[in-house]
There are 2 protein chains.
Amino acid sequence: MFKASTTEEKIKEAAKSVFLSKGFSGCTSREIAKEAGMNVALVNYYFRSKNQLFLIIYQTVMHDFMLSMMEVFSTELSLKEKVSLLIDREYEFLTKHPEIPTFVLNEMARNKDAELQIHETLNNFAQTGVFVEAANAQMSGEMRQVDMVSLTMIIMANCQHPFMARLLTQQLHGMTDAQYDMQIIKHKEIIKSMILNYLFPKKSTNE
Amino acid sequence: MFKASTTEEKIKEAAKSVFLSKGFSGCTSREIAKEAGMNVALVNYYFRSKNQLFLIIYQTVMHDFMLSMMEVFSTELSLKEKVSLLIDREYEFLTKHPEIPTFVLNEMARNKDAELQIHETLNNFAQTGVFVEAANAQMSGEMRQVDMVSLTMIIMANCQHPFMARLLTQQLHGMTDAQYDMQIIKHKEIIKSMILNYLFPKKSTNE
DNA sequence: ATTTGTTTTAAACAAGCGTTTAAAATCTTT
DNA sequence: AAAGATTTTAAACGCTTGTTTAAAACAAAT
């Protein structure tokens, strides 16, 4: 695997790695410079300050994060298939980047009134038309009457939380890393059927 | 409401409040002292160091957190009723202490190989006999065949995540604090029926 | 009232922080 | 090869960090 060539990319890579694992308050400028294999001053020569560098990293991470949740909505599948595919993609993404949800939520909490907003990604979300699609599916009776907020919460919770609470759950059940990796694969199928059974119940009595 | 009387309790209260909202790396000793209305030296006079004080706070918080998840298991209810009551209690607890899950998971990640373990609480968990109870319920066909790890994960995810991802979800859907508070009340009932429907499905064809 | 012990404070400590400066090293252009 | 511009470094800046010291304020006991 080829690593970054330019100095600027080296810094970004190092910063992303360190920020993701320790958070903004949990690391130092010198730690990032060391990870990038260079002087502290050079980091600031390219990015002016720790905070400026952080903002750039945060934006790219946030963008990837939101994109992973949204690209499914642009497909031509049925709503039920979309939900199923969304869960698959989320687990795939979070297996590669398990620290991202914790990182995003922590930094949003640290920087409440500041520039860590998500307006553009939010607009893209609305433009996919998935809201209208869900409303129609509920009207026709295909889908259970669940508001979009709770729908979002259910999917996010059951996808993200297993990766966020990994340490606690492993300790709680005395599991090794490998065991937990396998558990996650099993768990994905469980929550998928739980969610789909709930959202798209089989008609029982009438019709 | 009466506040703490002794100096030691004042420090503990202040430390708990600051640690919970900002985490260990996100706050300073002087900030805790200020919150307690006193000098920095006095905090160290009672607790020797920032880390020592933190460990005491972490233990009490962790204890409360685990207790909130476990006390339901000691009741004499059926397994289905236990799950239902557990969700109620979790939402009740997390409404009062919404920062605790994030705090616990963050500090576990920061202090991986260190003294933030949970062995005693873990033993109590096994002693409630809920594992045996679940195994029996699965054998008799009363409960779906879901391993205890996934069962734990499902409940934790759907209870804790709405409180952990509050800021993100509010921004995503443009909700006020009051709106989100109401959403949580609605959401609790939704995930309760989703989880119970899944774990204890109504027999359809045979019998 | 004076002594003794405890609690609280102001001030200082070395170390580490984010950031800047100025000089060295390297690359570009002529 | 020399000059100029760019990249990288070592060293320092002032400030904040966690922690300690020594003295002040207070309480209790003789």
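Lettering follows sequence order; numbering is per chain, from 1. Computed from a prediction, not measured in an experiment: that's the story for all the values here.
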[atom1] of [X] versus [atom2] of [N]: gap in Å, rounded?
X: A/Phe54; N: C/dG18; atom1: CZ; atom2: C1'; value: 16 Å
X: B/Leu42; N: D/dT21; atom1: CG; atom2: P; value: 17 Å
X: A/Tyr45; N: C/dA25; atom1: OH; atom2: C1'; value: 13 Å

Original post:
Counting side-chain heavy atoms from C-beta on, which of C/dT7, D/dT6, C/dT19 comes nearest to B/Tyr46?
Top reply: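 Taking heavy atoms from C-beta onward, the closest nucleotide is C/dT7.
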Subject >> Nearest-neighbour nucleotide for the A/Ala41 side chain, C/dT21, D/dG18, C/dT7 considered >> reply: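 So the side chain of A/Ala41 is nearest to C/dT21.
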Original post:
Per the atom types in the model, does the base of D/dT19 pair as donor or acceptor with the side chain of B/Arg30 at under 3.5 Å?
Top reply: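 By the distance-only test, yes, there is a pair.
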Original post:
For B/Phe47, which contact category applies under a 4.0 Å heavy-atom criterion: base, sugar-phosphate, or nothing?
Top reply: nothing
Original post:
Ion pair present between B/Asp181 and B/Lys186, side-chain N to carboxylate O less than 4.0 angstrom?
Top reply: no
**OP:** Could you pull out all residues at least two apart from A/Phe93 that satisfy ring-ring contact (aromatic ring centres under 6.0 Å, His included)?
**Re:** A/His97
**OP:** Check whether any side-chain heavy atom of B/Phe19 lies under 4.5 Å from a side-chain heavy atom of B/Leu53, and answer yes or no.
**Re:** yes
Subject >> A/Thr28 or A/Asn39, whichever maps to the more 5' nucleotide of DNA chain C >> reply: A/Thr28
Original post:
Would you say C/dG18 has OP1 or OP2 under 4.0 Å from some side-chain N or O of A/Ser49?
Top reply: no
